[in-house]
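Below, all heavy atoms of this structure are taken into account, side chains as well, without hydrogens, waters or symmetry copies. Chain A is the first sequence line, chain B the second, and so forth, proteins listed ahead of strands; every chain is numbered from 1.
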Protein chains: 2
Amino acid sequence: MQAHQLDAYILPSGDPHQSEYVANHWKSRQWISGFSGSAGTAIITSDHAGLWTDSRYFLTAEEELKGSELILHKQVIPHAPEHIEWLVTSLRSGSVVGLDGTTFSIAQVKALEHAFHEKGIKINHSIDLINDIWKDRSPLPENQVFEHDLRFAGVSRIDKINLVREKMKADFHLISTLDDIGWLLNIRSNDIQCNPVTIAFVVVGQAKTHLFIKQSKVSEALANTLKNDHVELHPYENINTFLSELPSGKTIQIHSGSTNTSLYNSIAKEQIVAGANITMELKAIKNPTELAHIDNAMLKDGVALTRLYRWLDKTLDERTVPEVEVAEKLAGFRAEQDDYHGESFGAIVGYKENGAIVHYSPHPDTCATIKKEGILLLDSGGQYLDGTTDITRTTSLDGKPTAEQKRNFTLVLKGHIALANMQFPLGTSGIQLDAFARQYLWQHGLNYGHGTGHGVGFFLNVHEGPQGISPSIGRGSQVFQQGMFTSNEPGFYKTGEYGIRIENLIVTEATSTTAYGTFLKHKTVTLFPIDSKLIDKTLLDENEKKWLNDYHKEVFEKLSPWLDAAEVGWMRVMCLPC
Amino acid sequence: MQAHQLDAYILPSGDPHQSEYVANHWKSRQWISGFSGSAGTAIITSDHAGLWTDSRYFLTAEEELKGSELILHKQVIPHAPEHIEWLVTSLRSGSVVGLDGTTFSIAQVKALEHAFHEKGIKINHSIDLINDIWKDRSPLPENQVFEHDLRFAGVSRIDKINLVREKMKADFHLISTLDDIGWLLNIRSNDIQCNPVTIAFVVVGQAKTHLFIKQSKVSEALANTLKNDHVELHPYENINTFLSELPSGKTIQIHSGSTNTSLYNSIAKEQIVAGANITMELKAIKNPTELAHIDNAMLKDGVALTRLYRWLDKTLDERTVPEVEVAEKLAGFRAEQDDYHGESFGAIVGYKENGAIVHYSPHPDTCATIKKEGILLLDSGGQYLDGTTDITRTTSLDGKPTAEQKRNFTLVLKGHIALANMQFPLGTSGIQLDAFARQYLWQHGLNYGHGTGHGVGFFLNVHEGPQGISPSIGRGSQVFQQGMFTSNEPGFYKTGEYGIRIENLIVTEATSTTAYGTFLKHKTVTLFPIDSKLIDKTLLDENEKKWLNDYHKEVFEKLSPWLDAAEVGWMRVMCLPC
């Protein structure tokens, strides 16, 4: 920093593709701080080293920063730019802040410039201070790319590319986001743990599509298939040169939220057309083939969870079980299902007080040991070729929850049902719906510190935009549309005691069109019983009981054909009407 | 337009102070189009003349544009910049759009520039085409200014100015908005119908406050009082010169949403500090004196409405009543109350199908004649020295509503109660609450085309920012804080048949602080019974019945001491528990 005359240096969580989860190669913020959470920013100044993260990660961060010089700055509002405010307050006028522009989007740098302008703080956005000092940095991942079969994807890459072209406002369209590239070209890989994507860039032109990727990752057969579909391969590192040498007079549509600043700086300004990331919008609306597959993936996930909970119940009669064993066992049960590919994220197995750590992940050396008592929160998901799943269930292991636990579980359930039952007009966004899941907790002075729902990919990232059910305008301003695939996951966390979360995935469907608009509703597609031992039925009204009974009837009817007789007996009890 | 080489000219609804309601002098959009609604934009091109407005005004606009060349463009989303999109689509690259920068805020011009940039459309923002051709234009208003007594205002102008100074990020602060100027200096006038404000600008400095106002409006006594409080008077038209001659090295804080482009252009760019309109934020939190007075104003309003509805009931037994007579009579009953100043807006008296015209105002020549049958929607408010009121009641004149009318009224009532009963944490904004008032209508495929609530002034404008309960991010993103004063007014409108709206005013109060935050709730302060003849009690749950019975009990207990014996008898029946 001294050599470059920098007063501060920012290390974000991101990569050049604005990924939420990144390959090890880009985990510089984790490397410098020790903090492993997926959301957080480190800032180094001459006399301070700080880490900013939100309430989901407070407990994890406190643990992981222990003994280091780094100070934890607790963000009041998730994803809010509170570290930027800190910089504006802490730095003197005329200071220079350094960052590596490849890991900052155009929009992020603009926000920094806007915040710094008044105080006269400058940005040097072409400095990578980490590469030279990070001696054991992982290389770029090099996993083989494979095709996502058309019988799963539903729409061919040629048709998808043509859909993009129809919406392009320029001659070219740059796509940097890895899940969008996977969706567009019907390709997948394993470059990022749990996210079946390959590290690449794409530029869609009017006649050809340019794929920038390490060539060793693409087999000759796949390269030929792509060539036949007019997809031309380029070395990954050639993207900047390609962008700087676009034919003069031609324009390129780029999205400021997902394009990194280094790419932006490679393009002549007069060629830039600011606009949407078109693939992001298209991929959010699942096609009928995808929707049919999702229903099937839910059956498989329900079967795997049935086996897991039966195994856990039996095993706890004999011995204790470490949290990590639950995660491994569940991955094993999922792996027995057809077309299984892997976990969609590291399972959160939160026993008792660990359940209150929202993004907890158990580690073999430190994880808790589960006994037949207390509450277990289990949030997990699978990647199947026919869909991505994400489900959270909270269970009472001994059937003896406290009255307070039952009340709070039921308040969370009431919120979950309110969202699942809600009809709303086209034009409604997630920020308008979020509080329906919180209202009963709020009435009791309770709340939870995370969003209520996120978009979910189709054999892609478990977190996918643009829609979200969130109190934040940034996360919740997308209007819901028919075919969107989202989570419904209110929760409640009592630090040091227990965590509660009930998560199902939901698909947006149209119900009717009246003089007052087209109305939508969310269909719940996840299939697994909700633990009735945790429900205080006196707090449910008739509509809520009906939803619960209808849901359990559907779960039983759909899962039974895939279960053995003993499992059916267990499921029948779990799905008894209340 | 030809002489100035303009391809389009925009006429907004605003004035140089970004007022919602403007003095006749600035009603150029109404003058050119005939459309009298408070929200709308006219755009003239060489071959098109269009008026953009939202669903509240569709019926009014259709009526008023009849026989003219102007085409009505119906906005899908209220306050959305759909006319800008139309310009971008309709104009060729290189076109020039003209406008009078005095009636456009900085933010509005920036939004235009942003939208026009890509297509290469230019803006000439210093052209007033209207003044020369509008021969009978009204002069600027010249009403006398009077002091708003400290016993009502609660905080002196010196204290208010010092509160502003504490929050200033610059040497000076420009305030353009008329209600903010009235609040800051504890002055009022009648320059805009129903809005007790005076046309002026203010610049707060570190030692002195500069008031730009037509000097004939300020009596010698008031001028001396102001002088003693270090408020210096300047001619109204000197504001631009004053801003262009700020001492070099000194800065001025301006708010891009409420400062007009002509003022902005008068200030040297290096002196500008972009920031909040500080008075807007301070005035939104009513002080304890104001809150006590509001309770009193509600009593007076309740008494006036009691007399109105009793008079209407009796009169309709004898003869029909024109809608305008109801408005006049109600203003008369309000005028009998202490410290009455005038209406807070032109009363909406919507009989039968006129009730479905959201911002209907009855005119003597054309208004409907009320008989003892059908539904009457009455939205009105008073300006008292001790508060501004705004109340809507919908009543069945013959006690024989249809089952559909009762169902829909009850759905609106359930939404109203949901909002009134809701507890929510500090940090919650209006866009998160809005759908609670709509949920029951949505469940039946119904909706209403306006926001659910607006801020209300204290003996000031009946619509006042920054808070709002609205599905729009622009209107609903302000976080609620203790002491805010807002309306709760869901509705339902069946075109050609009837309109329903239930409006009470609510005050934000803190309830408790828990480990999960500080929680707030809205206290309903308006006092007048809700017509139980329109309620289908089978649709109310126990909580809703309790709210209604508690509310009616409070109305009866608080209003009775101010009513005569016959009125008390009537009120007792109106407030019977259900």
Side-chain angles (χ1 to χ4, degrees), chain A residues 55 76-77 114 117-119 169-170 251 253 272-275 418 421-436 438-449 470-474 476-477 479 492-495 511-521 541-543, chain B residues 55 76-77 80 114 117-119 169-170 251 272-275 418 421-436 438-449 470-474 476-477 479 492-495 511-521 541-543:
Chain A
S55 67
V76 178
I77 297 165
H114 184 78
H117 173 73
E118 198 180 302
K119 186 124 180 215
K169 294 180 184 176
T251 56
Q253 179 171 345
I272 291 177
V273 175
N421 256 341
M422 181 136 188
Q423 176 164 277
F424 53 90
L426 186 62
T428 304
S429 57
I431 192 172
Q432 295 176 261
L433 299 181
D434 176 78
F436 283 87
R438 300 179 195 268
Q439 59 182 316
Y440 304 102
L441 290 165
W442 284 0
Q443 210 70 29
H444 287 81
L446 309 175
N447 201 0
Y448 50 93
S470 167
S472 127
I473 287 171
S477 63
V479 158
F492 173 75
Y493 310 94
K494 189 158 182 188
T495 305
T511 54
S512 62
T513 295
T514 74
Y516 300 89
T518 291
F519 284 81
L520 306 172
K521 202 164 176 170
D541 68 23
E542 290 311 309
N543 279 334
Chain B
S55 68
V76 178
I77 298 165
H114 184 78
H117 173 73
E118 200 179 298
K119 188 128 179 208
K169 296 180 182 175
T251 56
I272 291 177
V273 174
N421 256 340
M422 181 135 189
Q423 177 164 279
F424 53 90
L426 187 62
T428 304
S429 56
I431 192 173
Q432 295 176 260
L433 299 182
D434 176 79
F436 283 87
R438 298 178 197 269
Q439 58 181 318
Y440 305 102
L441 289 165
W442 284 359
Q443 210 69 31
H444 286 80
L446 308 175
N447 201 1
Y448 51 93
S470 166
S472 128
I473 287 171
S477 63
V479 158
F492 173 74
Y493 309 94
K494 189 158 182 188
T495 305
T511 54
S512 62
T513 295
T514 74
Y516 301 88
T518 292
F519 285 81
L520 306 172
K521 202 163 176 172
D541 69 23
E542 290 311 308
N543 279 334

Cut-off 4.5 Å, heavy atoms of chain A, and the answer for B:Asn447 is both

For A:Lys169 and B:Glu118: C-alpha separation, side-chain torsions, deciding distance, then whether side chain to side chain contact (heavy atoms under 4.5 Å, CB included) applies. CA-CA 10 Å; A:Lys169 294 180 184 176; B:Glu118 200 179 298; 4.3 Å; yes

If I measure from the heavy atoms of chain B, does A:Ala418 come under 4.5 Å with its side chain, its backbone, both, or neither? neither

Considering all heavy atoms of both residues, which atom of B:Met422 and which atom of A:Gln443 are nearest to each other, and what is their separation? CA-OE1, 4.2 Å

Where does A:Thr513 contact chain B at under 4.5 Å (heavy atoms): side chain, backbone, both or neither? neither

Once you measure the plane-to-plane angle for A:Tyr516 and B:Phe492, does it fall in the parallel (<30°), tilted (30-60°) or perpendicular (>60°) bin? tilted

Side chain to side chain donor-acceptor pair (under 3.5 Å) against B:Gln423, all qualifying residues, sequence neighbours excluded: B:Thr511

Measuring from B:Gln432:CD to A:Phe436:CZ, what's the distance to the nearest 0.5 Å? 11.5 Å

Hey, which of B:Ser512, B:Pro425, B:Ala274 has the most heavy atom pairs under 4.5 Å with chain A? B:Pro425

Engaged part of B:Leu446 at the chain A interface, taking heavy atoms whose separation is under 4.5 Å: both

Most heavy-atom pairs under 4.5 angstrom with chain A, which of B:Leu441, B:Asp434, B:Thr495, B:Thr514? B:Thr514

At a heavy-atom separation under 4.5 Å, does B:Phe519 approach chain A through its side chain, its backbone, both, or neither? side chain

So which of B:Ser477, B:Ala435, B:Ser429 has the biggest tally of heavy-atom pairs under 4.5 Å with chain A? B:Ala435

Contact origin within B:Asp541 toward chain A - heavy atom pairs under 4.5 Å: neither

By side chain to side chain donor-acceptor pair (under 3.5 Å), B:Tyr493 pairs with (sequence neighbours left out) B:His450, B:Arg501

Nearest 0.5 angstrom please: B:Ile431 CD1 to A:Ile431 CD1, how far? 5.0 Å

Per-residue contact mode, A:Lys494 against chain B (heavy atom under 4.5 angstrom): both

Residue B:Ala515 versus chain A: region with a heavy atom under 4.5 Å: neither

